[in-house]
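Following: one structure in structure tokens, then a few remarks.
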Amino acid sequence: MNLIPTVLIITTVLSIVLALVSFWLPQTLPDHEKLSPYECGFDPLGSARLPFSLRFFLVAILFLLFDLEIALLLPLPWGNQLSAPFMTFLWAAAVLTLLTLGLIYEWLQGGLEWAE
């Protein structure tokens, strides 16, 4: 059998099976949180001017920082093909070292502690 029709048949059958299972296994007794319009834990009827905790912003910035780190280090395996692969790995090690030191500093300063 040819590869493309086989893959198409497998993906179609798998999609149909997963769609049918998702209709058969729903949560039959949703709780109060699932019935609320917002599942974030904030009261939707309260004031919209309540300040957010700075911890939320810290977690968001850390997520973006380490997501950017992954994006910068993603082409690293192809660094072997360059004329000077040692310099590529040296710069990657410098980026990793700088980010690791920053994470250690945040950890020691207590910036990652959620509960006080």
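All heavy atoms count here, side chains included; hydrogens, waters and symmetry mates do not. Fair warning: this is a prediction, and the values are worked out from it, not measured in the lab. Numbering of residues begins at 1 and proceeds along the displayed sequence.
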Worksheet item: So among Thr6, Val7, Val13, which one has a side-chain contact (heavy atoms from CB on, under 4.5 Å) with Ile10?
Response: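 One option only clears the test, and that one is Thr6.
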
Using 0.5 Å steps for rounding, measure from the [atom1] atom of [X] to the [atom2] atom of [Y].
{"X": "Phe23", "Y": "Leu18", "atom1": "CZ", "atom2": "CG", "answer": "12.0 Å"}
{"X": "Ile104", "Y": "Gln109", "atom1": "CD1", "atom2": "CD", "answer": "12.5 Å"}
{"X": "Ile70", "Y": "Leu76", "atom1": "CD1", "atom2": "CG", "answer": "13.0 Å"}
{"X": "Leu62", "Y": "Leu103", "atom1": "CG", "atom2": "CG", "answer": "7.0 Å"}

Item to complete: List the steps and the verdict of side-chain contact (heavy atoms from CB on, under 4.5 Å) for Ile16 and Thr12.
Response: CA-CA 6 Å; Ile16 291 171; Thr12 304; 4.0 Å; yes

Identify every side-chain donor-acceptor pair in residues 92-101 under 3.5 Å, counting partners at least two apart or on other chains, and give the distances.
unit_1 : atom_1 : unit_2 : atom_2 : d
Thr97  : OG1    : Ala93  : O      : 2.6
Thr100 : OG1    : Leu96  : O      : 2.6

Item to complete: Please lay out, stage by stage, how Glu69 and Leu73 fare under the test side-chain contact (heavy atoms from CB on, under 4.5 Å).
Response: CA-CA 6 Å; Glu69 171 198 358; Leu73 296 177; 3.9 Å; yes

Worksheet item: For Leu8, which residues count as a side-chain contact (heavy atoms from CB on, under 4.5 Å) partner, sequence neighbours excluded?
Response: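 With sequence neighbours excluded, Leu8 shows a side-chain contact (heavy atoms from CB on, under 4.5 Å) to Ile4, given in chain and number order.
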
